[in-house]
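For reference, the structure is listed below as structure tokens.
Order of the sequence lines fixes the chain letters, A, B, ..., with proteins taken first and strands second; residue numbering starts at 1 for each chain.
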Amino acid sequence: MVENSGGPNYKSFLWKRTNVDFFSGEDVLLIARKLIGMRLNTLIDNKLTSGIITEAEAYAGETDRASHAFGGRRTRRTETMYQQAGLAYIYLCYGIHSLLNVVTNIEGIPHAVLIRAVYPVSGLDIMERRINRRINPVKDGSGPGKVTKLMGLDCSYNATDMTVSNVLWIEDSDFRFSRRLIKSTPRIGVDYAGEDALLPYRYLVDNQMAEAEIKKAGLY
DNA sequence: AACAAGATTAACT
DNA sequence: GTTAATCTTGTTA
């Protein structure tokens, strides 16, 4: 639990680790929607990096043609998705990029939410070292491979329990984006999923809008 | 055993 | 707009 240091004219937000009650639930869409505006954190090599989640997609398990677990596929890769809520499902995409998901249901039901974008708020100097150039907070956190790159994550962090980990965890506060800024659209890069590719399972706030709201709220 | 496609990105032309 | 990067999985032989 960390309280940020706002100046006299700024509202102070109390951030609290999300517990298993938050992650765990029937409705993976609702969880994806609620993750927008929460804070993703890593503490790696004693360096803290954080970002406000601005884009997430729900993957609805064995009946969802876009999910790795469609049809009950249970392989070494998908095994983490079948575990309990709050674990991080991190897998290698296109042989190159590590993609971070939150597991959101009970053991045996492979629901997950893909974190597709964050707005960086802490440890930007660390993030610059990771991408090896100056950071553009609006652009560089937008994309699921970019999120893990900024946060220092790779597949070795797969199956981390985010409800207890001091390396990878998610926090909530009273901060919320304006409802009207949160859009829902079909998911990205899942054309192979037939009709399921059209489902509006993607939630996002434009990172430019997110920056304005975050500054207006006096978060950073 | 071989191959194609994938929840992507950066560097090209 | 095109392409190379390159690991896991499912399909075909």
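Between A:Tyr203 and A:Tyr201, the distance separating the two ring centers is not shorter than 6.0 angstrom.
A:Arg133 comes within 4.0 angstrom of the backbone, heavy atoms only, and of no base. Within the 4.0 angstrom heavy-atom criterion, base atoms lie near A:Ile96. Using a 4.0 Å heavy-atom criterion, one finds that A:Leu114 contacts the bases of the nucleic acid, with or without backbone contacts as well. Among the protein residues, A:Arg187 comes within range of no part of the nucleic acid, since none of its heavy atoms lies under 4.0 Å from any strand. As judged by a 4.0 angstrom heavy-atom cut-off over every strand, A:Lys146 is placed among residues touching the sugar-phosphate backbone only.
Atom CZ of A:Arg116 and atom C1' of B:dT8 are 9 Å apart (whole Å). Between the CZ atom of A:Arg73 and the P atom of C:dT11 there is a distance of 8 Å, given to the nearest Å. Between the CD1 atom of A:Ile90 and the C1' atom of B:dT8 there is a distance of 16 Å, given to the nearest Å. When the P atom of B:dA11 is taken as reference, atom CG of A:Asn132 falls 10 Å away, rounded to whole Å. Whole-Å rounding puts the A:Leu153 CG to B:dT8 C1' distance at 16 Å. If you take CZ of A:Arg202 and P of B:dT8, they are 10 Å apart, rounded to a whole angstrom. Here B:dA11 presents its P atom at 13 Å from NZ of A:Lys139, a figure rounded to the nearest Å. Here the P atom of nucleotide C:dT8 and the CZ atom of A:Arg77 are 10 Å apart, to the nearest Å.
Relative ring orientation between A:His68 and A:Tyr89 is described as perpendicular, the plane-to-plane angle rising above 60° on a 0-90° scale split at 30° and 60°.
Side-chain proximity of A:Leu92 to C:dC7, C:dT9, B:dT8: nearest is C:dC7. Each of C:dT9, B:dA10, B:dT8 was ranked by its minimum atom distance to the side chain of A:Thr75; first place goes to C:dT9. Nearest nucleotide to the A:Leu99 side chain, out of C:dG10, B:dT8, B:dA10: B:dT8. Checked against C:dT9, B:dT8, B:dA10, the side chain of A:His97 finds its nearest nucleotide in B:dT8.
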Working for side-chain contact (heavy atoms from CB on, under 4.5 Å), residues A:Ile214 and A:Phe177 = CA-CA 8 Å; A:Ile214 286 166; A:Phe177 289 114; 4.2 Å; yes
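Checked for salt-bridge contact, A:Arg187 and A:Asp191 miss the test: no charged N lies under 4.0 Å from a carboxylate O. Using a cut-off of 4.0 Å between Lys/Arg side-chain N and Asp/Glu carboxylate O, A:Lys183 and A:Asp206 are scored as not salt-bridged.
With both ends at atom C1', the span from B:dA10 to C:dT8 equals 22 Å, rounded to whole Å.
Of the nucleotides present, C:dA5 is the one that pairs with B:dT8 by Watson-Crick or G-U wobble criteria, both distances under 3.5 Å. Pairing for C:dA13 is absent, with no Watson-Crick or G-U wobble pair whose two atom distances lie under 3.5 Å.
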